[in-house]
Amino acid sequence: MRVPIAWLREFVDLPDDPQAVADRLAMLGFPVAEIERRPAITGVVCGRIRTLEKHPNADRLQVAGVDVGGERPLTIATAATNVAVGQTIAVATIGARLPALTIEPRKMRGIASEGMMCSAEELALPADWFEDGILQLDADLPVGRDIVGHFGLAEAVLDVEVTSNRADAMSMLGIARELAGALGSALRTPLAANPGSAADRPQALSVTLASPDCRRFVAQRFDGVRVTTAPAWMRIRLALAGQRPIDSLVDVSNYVMLEVGQPLHFYDADRIDLAHLEVRDARDGERLITLDGIDRTLTPRALVIADPHGARCIAGVMGGSDSEVGPTTASILLEAANFNGARVRRTATDLGLRSEASSRHEKALAPALTDLGAARAAALLVAQGATAQAPVAFGAAVEPPRPIALALHDVARILGIALAPARIAGHLEAVGCAVTLGEDRLAATPPPWRTDLHDAADLIEEVGRMEGYDAIAPVLPSVPAHAISSAEFRLENDLAYGLRALGYREIITHSLHGTRLFDATMRAGLVPSHTAVEVRNPLSEDQRFLRHALGPGVIEYLARLPQPLRVFEIGHVFALDEGTIDESNVLLFGFSAKPLDEPDWRDSHFLRLKGDAQELIRSLCGVRTEASADARNGLHPGKCAVLLHEGHEVATLGMVDPRLAKAFDAALPIYLANVYLDALPEYRLPRYVAPSRYPSTYRDLALVVALDVTAGAIEAAIARSLGERCTGVRVFDEYRGAQVGEGVKSIAVRVTLQRFDATITDDEADAAVAHVLAELRERFGAVIRE
Amino acid sequence: MNDLDRQLTELQERFGAAVAAAPSAQALDDARVAFLGRNGEVTSVRRSIGTLPPEARPAAGKRINLAVEAMERMLGDAQVRLEARAFETELAQVVDVTYPGIEPPVGTIHPVRRITEQASAYFARHGFAVVVGPEVEPDYYTFDALNIPSDHPAREGFDSFWLTDSLLLRPHTSPMQIRTMQQHRPPVAIIAPGKCYRRDAVDARHLFQFHQIEGLLVAEGVHFGHLKGMLSGLCRELFGPEQQVRFRPSFFPFTEPSAEVDTTCPRCHGHLQRCGMCGGSGWIELGGAGMVHPNVLREVEYDPDVYSGWAFGVGVERLGLTRYGVDDIRRFINSDPDFLEQLR
Ligand SMILES: [Zn+2]
């Protein structure tokens with residue numbers, strides 16, 4: 001909200017420095033986003049044009065005699081065409097400083113000009129919001145009056161943020177009231193007396209409130225209305241507050257809204273049925289052409305003001321063009337109403353019609369504000385020459401606010417500062433409460449405008465705000481013992497640091513995506529294996545789906561980069577399972593890598609990935625996992641494995657299906673491992689086994705076996721056969737080719753033998769190995785390679 | 001001088017020459033074997049004692065032993081000399097220490113986790129647990145239980161991605177307050193880091209997917225001063241010991257009193273008119289905080305007359321902008337290798 005400090009000064013005395021005002025507001029809970037400093041303007045005074053003649057030497061110039069209160073009128077030459085004798089205008093006298101120039105004596109075609117008549121733009125007002133040419137001031141302004149001070153043209157404008165609970169502060173008066181309370185200064189409230197109050201109650205004016213969503217409706221008729229240009233002081237104020245001046249009626253309604261916070265609506269009284277007005281739900285399909293010229297079809301969600309001919313206005317949102325006030329309007333009906341904020345908000349959102357008015361109605365405006373709004377508008381309209389009839393209020397009488405009880409010790413219990421009871425009461429009085437102070441508690445009756453004060457917590461906040469949060473000393477709490485576990489977070493973090501140690505870089509990708517990833521899967525000829533969770537209201541197409549796996553995002557990330565990279569991501573994935581959304585936490589790590597010059601039955605990248613996965617799980621869970629060949633959508637069918645712990649799958653890993661990689665335009669092969677965090681076993685405490693005191697021996701065996709005999713099967717068979725004498729068995733090489741022949745391969749395995757009770761002899765070792773070989777021959781047809 | 005003497009003298013001289021000339025440990029050993037070995041020349045001489053008359057043999061033996069001792073001394077001296085020369089050679093080697101080191105595979109932790117971790121460590125030191133929870137939440141946990149009924153204008157501030165009539169992607173981590181308090185009786189002391197989502201247009205200061213850290217302390221006797229104490233400490237932890245913290249009144253439906261928390265701009269400390277980080281105000285917005293609203297405590301069946309508490313929420317990427325001087329918040333989610341490399 002744009003708040004000209006000059007406007008605030010009408011209601012409260014303030015420090016000169018706008019920064020001081022802004023700081024004060026910020027510490028009251030109204031942060032100032034920007035202090036707009038206005039250009040310094042001096043030497044501009046009010047003048048009245050006494051004489052006007054054609055310039056003797058120039059067709060397009062006129063020479064005016066302008067009275068600025070001096071001994072004689074000033075002679076001013078001007079090229080403006082909208083000047084006339086009797087006009088009141090702003091005169092920049094010799095020496096005046098304007099944003100763009102300094103006024104000096106000069107000759108215009110032989111005539112010494114003693115100043116300049118100013119346009120709006122020359123006074124740093126928006127040029128297209130005011131008349132072309134010379135700005136027309138109000139006739140009652142005394143000549144010689146300093147214009148800059150009078151209109152506050154050089155005073156800063158604050159951009160104040162108001163939180164949604166403080167509907168009362170959405171106005172100049174509201175902000176001024178806050179400052180007055182905090183500074184301990186008097187508030188000069190605008191006159192609340194309605195000039196129409198003394199008039200007769202109008203005949204034939206009736207508003208039926210057929211919906212509980214209209215709590216109060218003040219209606220007032222004005223006659224003798226003339227739609228013209230509003231007075232300069234009003235237009236300048238509106239402009240400084242960021243509101244474009246329109247005409248004398250619209251400006252009054254905007255002015256009152258900005259000044260006291262009550263939005264108003266004016267109807268052309270001759271174009272509605274004043275005797276049969278009604279506030280009701282819109283009928284389904286009911287139509288209304290709104291002020292913006294759009295023909296709208298309404299639903300019963302909207303609240304309307306209607307007469308027997310139909311809807312005339314969408315309550316709190318926008319009026320209808322049929323009853324719009326215009327140049328021919330002679331009589332108007334003013335509406336100052338209080339609506340249910342949620343209802344207004346819903347309707348405004350439905351219709352895409354958010355406005356200054358609706359954004360105020362949406363909040364909890366005080367019902368009593370309707371009367372003040374009507375009174376202020378009446379005063380301004382009467383000043384413009386209109387005749388006011390008596391205002392008529394429909395709806396329940398405004399209920400006086402109820403007192404709120406506050407136990408005094410709760411102030412210290414919540415805020416952490418001990419304040420004297422009188423000080424607490426003083427703070428509440430500063431925000432307008434009527435306080436009755438008791439022994440250990442008080443009762444505070446909020447002022448009618450503070451619709452946000454309901455209970456003790458609200459009062460404590462007001463006390464804290466007025467005392468100032470700075471007064472509360474920071475202290476460290478001593479946190480009592482509790483039994484809440486951090487295990488899940490710990491695990492995630494340990495995984496991350498474990499992967500860092502293995503040389504992987506953590507990345508974050510988007511959880512939301514469009515069909516791009518899905519399309520890539522389809523392009524690769526793969527069938528998506530899940531139902532994606534869809535977002536109902538994405539901002540853009542690439543936010544339509546929740547990711548079901550981290551893989552596609554990581555592949556896309558790796559594919560974007562030309563160089564080999566090792567990365568990981570930990571994040572949630574989502575799947576639709578029979579109508580419910582399954583959410584789980586997963587870890588994905590892997591890399592893109594340059595292809596190696598290896599035979600097609602070996603892939604060291606795969607082995608590196610597997611080694612990293614097993615090491616990671618080992619270091620975090622203390623358990624070993626076994627790999628088993630498997631097939632997974634998106635992974636190469638011959639280079640895919642699951643890692644099992646006690647038969648439970650804890651990870652999937654492999655090379656990304658090259659067709660999928662291509663669909664993502666990946667230049668390099670990609671290898672990924674998916675670890676299911678929810679499936680990882682609890683950390684298992686290792687048991688220490690002291691090493692044997694006797695030396696070990698080893699035998700390297702080169703076994704020729706059929707191609708389908710796996711290294712894992714050979715290792716397992718050897719370990720089982722040797723029993724506890726075997727302290728190590730590990731395949732360390734594989735060979736295929738001419739030297740072993742077609743259809744078979746050679747596997748080299750090192751077997752380590754050791755006894756715990758004596759040194760193992762060579763004979764014993766050889767005998768054990770011979771026994772193993774016999775068994776391998778029997779099970780796998782394995783023979784020793786010559 | 002008898003034959004034996006002559007023979008031994010000549011042997012010693014030859015051995016001395018061989019040892020002195022030996023260029024390596026191996027050559028030295030060869031000489032030792034040739035002269036002093038099992039079948040060496042000294043052994044031949046020793047065998048010749050048998051030809052002497054018996055009374056001469058002890059003296060001859062003694063003479064031979066003396067010669068062997070002398071030769072072994074020569075050998076020892078030569079070994080020391082050789083070793084010294086070898087060290088001399090090795091120690092004469094010089095490398096260019098400025099030649100680039102061999103790089104190990106380097107892993108990095110995302111700055112979001114770094115900040116989360118550091119904040120968690122700080123709170124853990126003070127007795128807080130770190131909990132995590134789902135990103136898809138029912139509106140009950142997201143709004144209703146947090147004192148934001150439907151049609152409350154405060155819901156405006158949380159423009160959310162909806163999945164069904166009642167499920168949405170959480171726009172803040174505050175649902176974890178409710179989840180934790182429903183599972184545990186007071187005292188409760190947690191922080192809850194995690195991803196959040198809002199329908200915000202993305203620009204240099206906004207992401208639609210970001211991380212928050214929620215904090216909650218509820219126990220007997222917890223007050224606003226404790227909130228200031230802990231958050232001031234957090235800022236010093238993240239930005240340095242000189243860090244100041246400012247609390248401004250604000251409004252959140254789930255806390256009262258509520259506050260916006262600012263911390264001094266770590267770049268300019270308020271001394272720069274045109275600071276790119278704070279815009280010249282000298283303050284950086286940290287997040288929202290306040291005393292847990294009695295309605296929220298009632299919702300989880302905590303008695304607000306007995307227990308009080310505070311909660312806060314801070315944006316992790318926002319902290320990151322300030323902490324690392326990052327120019328554009330989108331860099332956190334783009335995760336470019338260069339970004340990760342610089343902030344590792
Ligand atoms: Zn700064």
Side-chain angles (χ1 to χ4, degrees), chain A residues 26-29 31 163-165 341-342 345-346 362-363 413-416 457-458 460-461 464-465 469 472-477 479-480 482 484-486 488-489 493 496-497 499-508 510-512 533 535-539 543 557 561 565-566 572 574 581 583, chain B residues 104-110 112-113 117 120 124 126-132 134-136 151 153-154 156 161-163 167 180 184 187-190 195 199 208-209 217 219 222-226 228-230 232-233 247-251 256-257 259-260 291 293-294 308 332-333 335 337 340:
Chain A
M27 294 315 282
L28 285 168
T163 51
S164 64
N165 59 322
R345 187 162 69 93
R346 224 178 300 143
E362 282 172 14
K363 291 159 189 137
R413 186 171 75 94
I414 298 298
L415 295 181
D458 300 323
I460 294 170
E461 179 169 63
R465 221 163 52 86
Y469 286 0
I472 302 172
V475 282
L476 286 175
V479 174
H482 58 84
I484 305 172
S485 162
S486 307
E488 220 176 321
F489 173 76
N493 246 20
Y497 280 87
L499 279 160
R500 183 181 76 138
L502 291 169
Y504 292 86
R505 292 176 184 269
E506 184 173 26
I507 61 170
I508 294 173
H510 282 117
S511 305
L512 294 170
V533 180
V535 175
R536 282 188 172 182
N537 56 341
L539 273 180
Q543 295 173 344
Y557 175 85
L561 301 159
L565 213 60
R566 300 155 64 79
H572 290 203
F574 310 85
I581 296 172
E583 178 173 350
Chain B
V106 174
T108 55
I109 295 293
H110 196 285
V112 164
R113 184 178 303 281
E117 239 260 309
S120 304
H126 288 92
F128 285 67
V130 189
V131 298
V132 289
E135 290 165 19
V136 172
D151 282 329
E156 286 291 295
F161 292 107
W162 288 84
L163 307 173
L167 290 176
T180 307
H184 302 273
V188 159
I190 56 147
K195 272 199 188 78
R199 289 175 80 241
F208 70 80
Q209 172 184 327
L217 172 65
V222 174
H223 58 67
F224 200 92
H226 296 133
K228 289 187 74 172
M230 281 306 287
S232 304
F247 284 65
R248 287 183 283 113
S250 189
F251 169 70
E256 183 151 34
E260 287 283 356
M291 298 302 292
H293 198 287
S308 54
F332 286 93
I333 197 153
S335 299
L340 301 179

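These figures come from a predicted structure and were not determined experimentally. The chains referred to below are lettered A, B, ... by the order of the sequence lines, with proteins before strands, and numbering in each begins at 1.
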For B:Ile190, is it the side chain, the backbone, both or neither that has a heavy atom under 4.5 Å from a heavy atom of chain A? side chain
Portion of B:Glu135 that has a non-hydrogen atom of chain A nearer than 4.5 angstrom: both
Minimal non-hydrogen separation, B:Ser335 against B:Leu340, with atom names: O-CD1, 3.6 Å
Considering only heavy atoms, which portion of B:Pro294 lies under 4.5 Å from any heavy atom of chain A: side chain, backbone, both, or neither? side chain
Which region of B:Ser308, side chain (C-beta onward) or backbone (N, CA, C, O), has a non-hydrogen atom less than 4.5 Å from a non-hydrogen atom of chain A, or is it both or neither? both
Specify the closest pair of heavy atoms between B:Ala129 and A:Ile484, including all atoms of both residues, with the distance to one decimal. CB-O, 3.3 Å
I'd like to know if the side chain of A:Arg566 reaches the main chain of A:Leu502, judged simply by a donor and an acceptor atom lying under 3.5 Å from each other, with no hydrogens or angles considered. yes
Where is the tightest heavy-atom contact between A:Leu415 and B:Phe224, given as atom of each residue plus distance? O-CB, 3.5 Å
Which atoms of A:Tyr497 approach chain B - backbone, side chain, both or neither, heavy atom under 4.5 Å: both
Checking heavy atoms, do the side chain of B:Ala189, its backbone, both or neither come under 4.5 Å from chain A? both
Side chain, backbone, both or neither: which part of A:Val475 has an atom under 4.5 Å from a heavy atom of chain B? both
Measuring heavy-atom distances to chain B, does A:Leu28 have an atom under 4.5 Å in its side chain, in its backbone, in both, or in neither? backbone
Part of A:Arg346 within contact of chain B (heavy atom distance under 4.5 Å): side chain
Identify which part of A:Glu583 has an atom lying under 4.5 Å from any heavy atom of chain B, answering side chain, backbone, both or neither. side chain
Backbone N/O of B:Ser250 and side chain of A:Thr163: donor-acceptor pair under 3.5 Å: no
Aromatic plane relationship, A:Phe574 with A:His572 - under 30° parallel, 30 to 60° tilted, over 60° perpendicular: tilted
Most contact-rich option vs chain B, by heavy-atom pairs under 4.5 angstrom, among A:Gly29, A:Pro31, A:Ser164, is A:Gly29
Option in A:Ser485, A:Gly464, A:Pro480 with maximal non-hydrogen atom pairs under 4.5 Å from chain B: A:Pro480
Chain B shares the most heavy-atom pairs under 4.5 Å, among A:Gly341, A:Ala496, A:Pro474, with A:Pro474
Which word best sums up how the rings of B:His110 and B:Phe332 line up, parallel for under 30°, tilted for 30 to 60°, or perpendicular for over 60°? tilted
For B:Val130, which atoms come within 4.5 Å of any heavy atom of chain A: side chain, backbone, both, or neither? both
Could you tell me which non-hydrogen atom of B:Phe161 sits nearest to which non-hydrogen atom of A:Pro538, and how far apart they are? CE2-CA, 4.0 Å
Please rank A:Ile507, A:Val479, A:Leu539 by heavy-atom pairs under 4.5 Å with chain B and give me the top one. A:Leu539
Backbone of B:Pro249 reached by a side-chain donor or acceptor of A:Arg465 within 3.5 Å: no
Tell me if a side-chain donor or acceptor on B:Thr108 pairs with a main-chain N or O of A:Arg505 at a distance below 3.5 Å. no
Among B:Arg113, B:Glu260, B:His184, which residue forms the greatest number of heavy-atom pairs with chain A at distances under 4.5 Å? B:Arg113
If you count heavy-atom pairs under 4.5 Å with chain B, which of A:Lys363, A:Met27, A:Arg345 comes out on top? A:Arg345
Side chains of A:Leu476 and B:Met230 in contact at under 4.5 Å (non-hydrogen atoms): yes
Heavy-atom proximity to chain B below 4.5 Å, by part of A:Ala26: both
Tell me the closest heavy-atom pair linking B:Leu163 and A:Ile581, and the distance in Å. CD1-CD1, 3.9 Å
I'd like to know if the side chain of B:Glu117 reaches the main chain of A:Asn493, judged simply by a donor and an acceptor atom lying under 3.5 Å from each other, with no hydrogens or angles considered. no
Considering only heavy atoms, which portion of B:Ile109 lies under 4.5 Å from any heavy atom of chain A: side chain, backbone, both, or neither? both
Region of A:Leu512 in contact with chain B, defined by heavy-atom distances below 4.5 Å: both
Test item: A:His482 side-chain N/O and B:Gly127 main-chain N/O as donor-acceptor pair under 3.5 Å: yes
For B:Val188, is it the side chain, the backbone, both or neither that has a heavy atom under 4.5 Å from a heavy atom of chain A? both
Chain A shares the most heavy-atom pairs under 4.5 Å, among B:Glu256, B:Lys228, B:Arg248, B:Met291, with B:Glu256
What part of B:Ala259 gets closer than 4.5 Å to chain A, counting heavy atoms only: side chain, backbone, both or neither? both
Can you tell me which portion of A:Ile414 sits under 4.5 Å from chain B's heavy atoms? Options are side chain, backbone, both or neither. both
